[in-house]
Amino acid sequence: MTLEEKIARRGPIKKIGVIGMGYVGIPAAALLADSPAFDHVFGFQRDSASSGYKIAMLNRGESPLKGEEPGLEELLKKVVAAKKFTATPDFSRIAELDAVTLSIQTPFLSKEDLLPDFSALKEGLVNVGKYMTPGTLVVLESTITPGTTTGFAREILESGSGLVAGEDFALAHAPERVMVGRLLRNIREHDRIVGGIDPVSTKRATGLYSPILTKGKVIPMSSTAAEVTKTAENTFRDLQIAAINELALYCEAMGINVYDVRTGVDSLRGEGITRAMLWPGAGVGGHCLTKDTYHLERGVQQLGKGSLDYPAGEPSLYVLARHVNDFMPVHMFRLTMDALKRIGRDPKDATVAMLGWAFLSNSDDTRNTPSEPYRDLLIQEGCRVIVHDAYVSGYPGVPVNADLEGTLKGVDVIAIFAGHGQYRNLDPARIRALTGRQHPVIVDGRNMIDPDAFIAEGFVYKGIGRGDKNGHAIA
Ligand code: SAJ
């Protein structure tokens with residue numbers, strides 16, 4: 001019997017499992033459970049010391065995700081009350097399911113050696129392989145190295161179940177494309193890349209996602225093409241950010257304002273011309289752009305097997321982009337040191353207030369925040385550093401204050417690292433009074449303030465891309 005026949009005998013997908021109750025798995029499970037197309041969704045979460053607490057919270061209809069996620073709490077309450085969603089650590093329930101998705105973190109152990117840490121994903125796959133039955137659909141939503149779905153994922157599932165992918169069960173990659181703060185909207189409205197290991201698997205996976213898409217549509221392709229699509233879209237975004245960051249560094253060196261240049265370049269529109277210039281800044285953080293380039297690099301190394309034709313001795317453009325973006329917190333540090341030199345302040349006697357610890361504006365997400373390397377450099381230099389972020393309730397080893405004015409009292413330097421709305425209305429006179437300094441320093445890493453207003457108030461100003469202001473006369 002072919003896989004198609006086994007799936008036809010099983011009938012439409014009714015019972016689903018989502019492994020990994022995090023930023024990707026929780027909203028996906030809630031939307032699938034809320035769909036009239038499906039009967040029940042299990043959210044699988046290991047009952048570990050660090051994250052076992054999520055199980056009870058979810059079964060009370062509460063979201064364990066920090067930060068604003070519009071509509072998520074209401075939806076969880078609804079599907080729990082309707083008995084359509086259950087969170088559980090009991091992986092044996094997989095035996096009764098038609099489809100299982102895996103949304104598990106895939107960080108890197110070593111970016112230099114392109115060595116990802118797939119241990120959590122492999123553990124999830126082992127659990128699926130142990131209990132899955134013929135005709136089941138398995139979908140990887142995590143961002144993975146190209147070749148993973150047809151590679152170790154397939155092997156682990158086949159050796160655990162004794163079944164054969166493409167004959168006894170369907171297997172696909174349908175990468176997540178969510179951003180914190182708009183998880184539900186992104187899943188509903190973004191087009192969904194669905195890549196099966198074969199057309200039958202693609203068709204079965206399409207049946208899983210179509211019912212929860214409102215504006216988005218399914219874009220079918222092979223599983224490897226889907227893996228490259230996801231890693232490439234983040235790599236290209238990172239490259240675009242590196243391009244404008246490099247331009248910002250050039251503009252500083254040439255004494256001009258990168259935002260004038262950006263407005264100019266951006267004005268060439270129409271006739272299919274797009275000059276999509278993104279925004280320069282203090283760095284690139286998050287769980288995605290900071291690693292997906294390395295998944296792509298690893299993929300071409302593994303799948304390309306030496307057949308890549310590329311200029312000899314030249315580094316990968318994408319990895320170079322990573323290095324430029326990783327340099328931006330270092331540049332912020334150098335701007336800070338320059339400014340302290342201008343006022344003759346020894347860094348060992350200086351107090352720096354960092355505004356923003358989250359990697360993204362108006363969010364509480366601190367994964368791979370570019371604020372951390374900057375803080376580390378300052379501390380190495382002997383500076384005293386205090387951090388403000390109204391969204392972030394805590395961070396291991398870094399006290400984070402919610403009181404802005406309290407944070408600014410008696411400091412020498414204010415460094416803006418996140419684009420939180422609160423930092424757009426900073427009042428130069430009030431802040432200067434709080435610092436009690438004649439010439440406080442302000443380093444703007446997110447183009448949040450008007451340099452002239454602060455310079456006129458006696459501040460020493462530094463800004464990413466502001467070569468027109470960074471050498472200003474001190475008032
Ligand atoms: N950043 C800049 N300049 C910009 C845009 C962003 O410096 O013009 C910085 C941000 O401050 C942040 C980092 O880059 O530190 C990442 O920002 P982001 O807006 O890319 O946020 P992510 O990483 O949460 O979201 C990305 C998105 N990918 C793409 O748009 C191609 C999102 O759609 C993905 O779902 C997400 O990665 C993911 O999960 O892969």
Side-chain angles (χ1 to χ4, degrees), residues 20 22-28 65 67 69 103-107 140-144 173-193 216 226-249 258-259 262 266 275-296 318 321-322 324-329 331-332 355-374 389 391-392 416-420 423 444-448 464-465:
Y23 283 100
V24 176
I26 293 173
L65 301 181
E69 280 305 339
S103 307
I104 295 172
Q105 297 229 0
T106 53
L140 284 86
E141 295 198 1
S142 311
T143 304
I144 45 185
H173 176 51
E176 58 83 12
R177 305 172 108 182
V178 295
M179 279 174 81
V180 288
R182 42 195 188 260
L183 298 172
L184 291 178
R185 186 156 52 90
N186 284 168
I187 295 173
R188 286 183 175 127
E189 299 183 0
H190 282 337
D191 289 344
R192 192 77 194 214
I193 308 293
E227 291 159 342
V228 174
T229 299
K230 173 61 192 188
T231 49
E233 71 184 14
N234 276 347
T235 299
F236 270 57
R237 182 169 177 78
D238 196 50
L239 184 62
Q240 283 174 294
I241 298 169
I244 187 79
N245 276 336
E246 180 151 340
L247 185 64
L249 298 172
V258 69
Y259 296 99
R262 189 183 179 285
D266 216 33
R275 294 278 188 282
M277 282 196 131
L278 295 182
W279 300 94
V284 170
H287 178 60
C288 313
L289 270 59
T290 53
K291 70 165 176 41
D292 292 351
T293 297
Y294 300 110
H295 277 302
L296 183 60
Y318 307 142
R322 277 280 69 238
V324 170
N325 288 336
D326 281 348
F327 172 73
M328 297 314 284
H331 181 58
M332 284 288 284
L355 304 188
W357 194 256
F359 83 86
L360 208 57
S361 49
N362 304 322
S363 102
D364 71 322
D365 197 333
T366 58
R367 290 174 292 174
N368 301 314
T369 178
S371 300
E372 188 154 22
Y374 173 78
D389 197 314
Y391 291 92
V392 176
I416 303 174
F417 252 80
H420 298 334
Y423 304 145
D444 187 357
R446 298 289 174 191
N447 195 32
M448 296 299 283
I464 297 274

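When a ligand or atom number is given, it counts from 1 through the structure's own listing order. The first residue of the sequence shown is numbered 1, and numbering continues consecutively from there.
With hydrogens left out, the protein atom closest to atom 16 (C) of ligand 1 is Gly285 O, 3.8 Å, a heavy atom. Counting only heavy atoms of the protein, atom 32 (C) of ligand 1 lies nearest to Met179 CG, 3.3 Å. Summary of contacts: the protein heavy atom closest to atom 28 (N) of ligand 1 is Asn234 OD1, 2.7 Å. Protein heavy atom at the shortest distance from atom 19 (O) of ligand 1 is Arg237 NH2, 2.9 Å. Residue, atom and distance of the protein heavy atom nearest to atom 9 (C) of ligand 1 are Gly283 O, 3.9 Å. Looking at atom 4 (C) of ligand 1, its nearest protein heavy atom turns out to be Trp279 O, 3.6 Å. Of the protein's heavy atoms, Phe359 O, 3.3 Å lies nearest to atom 12 (C) of ligand 1. Scanning the protein heavy atoms around atom 17 (O) of ligand 1, the nearest turns out to be Leu360 CD1, 3.5 Å.
Taking 4.5 Å as the limit, some side-chain heavy atom of Asp191 sits within range of a side-chain heavy atom of Arg177. Side-chain atoms of Asn234 and His295, non-hydrogen and from C-beta on, never get closer than 4.5 Å to each other. The shortest distance between side-chain heavy atoms of Ile244 and Leu247 falls below 4.5 Å.
The nearest non-hydrogen atom to atom 1 (N) of ligand 1, considering only Asp365, Thr369, Ile241, Leu278, comes from Ile241.
Of the polar atoms of Leu289, none of the N or O atoms is found under 3.5 Å from an N or O of ligand 1, judged by distance alone.
Under a 3.5 Å cut-off, the side chain of Arg192 and the backbone N or O of Gly216 do not form any donor-acceptor pair.
Residue contact annotation: Lys230 has a non-hydrogen atom under 4.0 Å from ligand 1. Heavy atoms of Pro280 stay at 4.0 angstrom or farther from ligand 1. Assignment of Gly286 to the shell around ligand 1 is not supported, since no heavy atom sits closer than 4.0 Å. Note on ligand 1: His287 sits outside its first shell, no heavy atom being nearer than 4.0 Å.
Taking the ring axis of Trp279 as reference, the NZ or CZ atom of Arg446 does not stay both within 45° of it and closer than 6.0 Å to the ring centre.
Under a cut-off of 6.0 angstrom, the local environment of CZ in Phe327 is crowded, with over 12 non-hydrogen atoms contributed by other residues, nucleotides or ligands.
Listed here is the closest heavy atom pair of Leu140 and His173: O-ND1, 2.8 Å. What you find for Asn368 and His287 is that their closest heavy atoms are ND2-CA, 3.9 Å. Considering all non-hydrogen atoms of both residues, Val324 and Ala242 come closest at CG1-O, 3.8 Å.
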